[in-house]
Structure formats: structure tokens, C-alpha cells
Amino acid sequence: MSAVRVERSSKKSLLSAGRVKRFLVIGIGVGNPAQLTLEAVDALGRVDVFFVMDKGPAKEDLNTLRKRICERYAKVGHRVVELPDSPRDPAIESYPDRVALWHEQRVQRYVEFLARELGNDQCGGALVWGDPSLYDSTLRLVEELVRRGIDLDYRVIPGINSVQALAASHRIVLNRVGGSIHVTTGRRLAAALAEGHDDIVVMLDGENSWKAAPPQAFEIYWGAYLGMPHERLVRGLLAEVGAEIERVRAALRAEHGWIMDTYLLRRIDRAP
């Protein structure tokens, strides 16, 4: 299936009977079932087999949330198939090479499990935290499966991502009047600061990378487990709340075994 054919596939053709394997990539937001879109709820009700990457005991509560969403909205008789996930190999020094190998391992898992678990008359689905378009590999994996000759007719269902959830929880507008925002990862934050960006949203930060920002020049709007019952928020001048964020973050990670946090760094020596 060519890229053009995928882009032009209609909802009607996706849901019609045929020999191609149907597949839905569904954005499920940041963990709060109440934030599912009506389109996502409808899509959940059409899936026969959900494919979930199993990331081990440390992320078991994430899988539990997925299962609860399926129990609440999926069709009667649906199945959840867990695919064993491989950790990224720390021995590979190059980050792109490390991720490329990790993606290849995931593709191989999907090739195996799609052939074994999904019939041609069934619809498969993958549940994606946040939105599939932002810092998630699922769409790249599906595109690679199509390139390798697996005949998938797939659609993408958008979801609320952690950037939107962060702004809502802090009751802020991300961009200033006439301004822009820069969205990046913790690994790339130092480069964003060097480039002079004034409003920076940071995701996937495992190292408290906000420490690279001048503490008197930035304020921070930080949130962890956004949309979940144990959501935590901290905001203020970086010089005043940085130590608190570091302490709270370490305590939460120790308590839950994992943490997902997002934050906005906003330069305060610029006009609003």
C-alpha cells in the first residue's frame, strides 16, 4: 500500500470487509478516561484485538489503565495481546542507532503477532498515550510494516497530549501574544536554550534537564502524571521551585516506579 493510498483511505473503506488487515492507532490521552474523544470511544468499540507493548512490572499500572479503558469502551469479546518489549541497549553509544534497533525489535514483534493473532476479517488496534503524532513511535512502526508488505488499512485517531493537559492543569496559554512555542525533549533542551527560545515545552526528560536554564531568567510550569488521580503540579520562578521539583520528582518515581512529566520553561525578561 503506497503512502498516497493510505492518505486517501476513507473511513468507509477502512471499516468495510476485505482481505486487508484493518488497524486503528488510537490516541487515548494522558490516562484519564474522561479525556477520551468521542471519535476514540467509537474506534475502541470497533477493535477486535488490541496490541499492547508489555514494558514489565514497573509500568504495570499503565497497562492496567489501558485494560480499564478497553473494559469500559471496547466491544464485547475483544482481546488484549501483550507484546514483550525490549529495553533500549545502553551499550550502543549512538542515540539514533539505539532507537533504530529498539524500533526494529518492535517491528519484528508486530510482524509475528499480527500474523498469529489478527484475522483478515478483524480489526486490530494500538492504544497510544497522548497523541500518536507527538513523540511516539507507533505510527513509524505501522508505516514500516506497510513498507515490508503487510497489507494494513489503518487510520489514526488523535488524542489529548501531555502538552495540552499541562496547559489545562496550570490554566495557562502556552504561547504569548504573537509568539511561538518550542517543543523538545530533555535531551535537546540545552540546544533550545542556546538558540534563544523564550517559551519551551519539554517532554521525555529523565535527567532534570531544566537545570541548564538560568534559574533567575525562567519560570517553570511543571506537571507529573497529568490527568491521573495522583497528578502533581509545581509552578514558580525556577530559582525558587527547582529544588522542590527535583525532590518531588524523585519521591514520586520511587513511589510509583516510573514517572511521566512535562513542563513549560518561560523566560521572564521578555514582554508578555
Side-chain angles (χ1 to χ4, degrees), residues 3 25 27 30-31 51-59 62-63 82-112 126-148 156 159 161-166 174 180-214 218 220 222-226 238 242 245-246 249-250 252-254 256-265:
V25 181
V30 291
F51 294 89
V52 176
M53 299 304 301
D54 181 8
K55 298 186 178 183
K59 300 289 183 69
L62 292 179
N63 284 340
E82 295 184 350
L83 284 63
D85 197 14
S86 302
R88 301 180 196 181
D89 187 351
I92 301 177
E93 294 185 4
S94 167
Y95 180 78
D97 290 345
R98 190 160 64 244
V99 172
L101 175 59
W102 180 52
H103 283 179
E104 174 60 25
Q105 292 168 335
R106 285 188 161 194
V107 168
Q108 292 175 6
R109 293 280 193 271
Y110 264 100
V111 169
E112 174 188 354
L127 305 182
V128 175
W129 292 110
D131 182 84
S133 69
L134 187 61
Y135 290 116
D136 185 82
S137 63
T138 305
L139 279 180
R140 293 188 180 97
L141 301 184
V142 173
E143 290 166 357
E144 181 60 25
L145 292 171
V146 172
R147 278 194 290 269
R148 296 188 185 191
V156 180
N161 60 51
S162 64
V163 179
Q164 297 165 292
L166 177 76
L174 291 173
S180 62
I181 59 171
H182 184 77
V183 181
T184 189
T185 63
R187 193 173 59 89
R188 296 287 303 164
L189 176 57
L193 290 166
E195 292 165 1
H197 295 286
D198 295 331
D199 296 278
I200 307 170
V201 174
V202 182
M203 305 173 65
L204 304 176
D205 183 3
E207 304 296 335
N208 295 318
S209 300
W210 45 263
K211 290 182 177 181
F218 281 88
I220 187 169
W222 178 86
Y225 311 104
L226 293 161
L238 190 55
I245 291 174
E246 188 171 12
R249 191 177 190 279
L252 291 172
R253 189 166 194 168
H256 298 285
W258 63 277
I259 189 167
M260 287 196 298
D261 58 338
T262 304
Y263 55 88
L264 167 69
L265 283 176

Closest heavy-atom pair and its distance - Pro132, Gly159: CD-N, 4.3 Å

Could you tell me whether a side-chain N or O of Arg109 sits under 3.5 Å from a main-chain N or O of Asp85, the two making a donor and an acceptor? no

Do NZ/NE/NH1/NH2 and the carboxylate oxygens of Arg147 and Glu144 come within less than 4.0 Å? yes

Nearest 0.5 Å, what's the CG-OG1 distance between Leu193 and Thr184? 9.5 Å

Decide yes or no on side-chain hydrogen bond (donor to acceptor under 3.5 Å, both in side chains) for Trp222 and Asp261, but give the supporting numbers first. CA-CA 7 Å; Trp222 178 86; Asp261 58 338; 2.9 Å; yes

Beyond-backbone contact of Met203 with Asn161, side-chain heavy atoms, under 4.5 angstrom: no

Point-to-point distance, once rounded to the nearest 0.5 Å, from CZ of Arg140 to NE2 of His103: 6.5 Å

Is there a side-chain contact between Asp199 and Leu174 (heavy atoms, below 4.5 Å)? no

For Trp258 and Tyr225, which heavy atoms make the closest approach, and how far apart are they? O-OH, 2.6 Å

How close do Leu238 and Ala213 get, counting heavy atoms only, and between which atoms? CD2-CB, 3.8 Å

Kindly give the heavy-atom pair with the smallest separation between Glu93 and Arg98, and that separation in Å. O-NH1, 3.5 Å

Quick one: CG on Leu127 to OG1 on Thr138, what's the gap to the nearest 0.5 Å? 9.5 Å

Which heavy-atom pair separates Ser209 from Gly186 by the least distance, and what is that distance? OG-O, 3.1 Å

Which pair of heavy atoms, one from His197 and one from Ala192, lies closest together, and at what distance? CD2-O, 3.2 Å

Taking atom CG of Leu204 and atom OG of Ser162, what is their separation to the nearest 0.5 Å? 8.0 Å

Please round to the nearest 0.5 Å and tell me the distance separating atom CH2 of Trp210 and atom CG of Asp205. 9.0 Å

Run the side-chain hydrogen bond (donor to acceptor under 3.5 Å, both in side chains) test on Glu104 and Gln108 for me, step by step, so that the C-alpha distance in whole Å, both residues' side-chain angles and the decisive distance to 0.1 Å come before the verdict. CA-CA 6 Å; Glu104 174 60 25; Gln108 292 175 6; 2.9 Å; yes

When rounded to the nearest 0.5 angstrom, what is the spacing between CG in Leu189 and CD1 in Ile200? 5.5 Å

Any Tyr263 side-chain heavy atom under 4.5 Å of Ile245 side chain: no

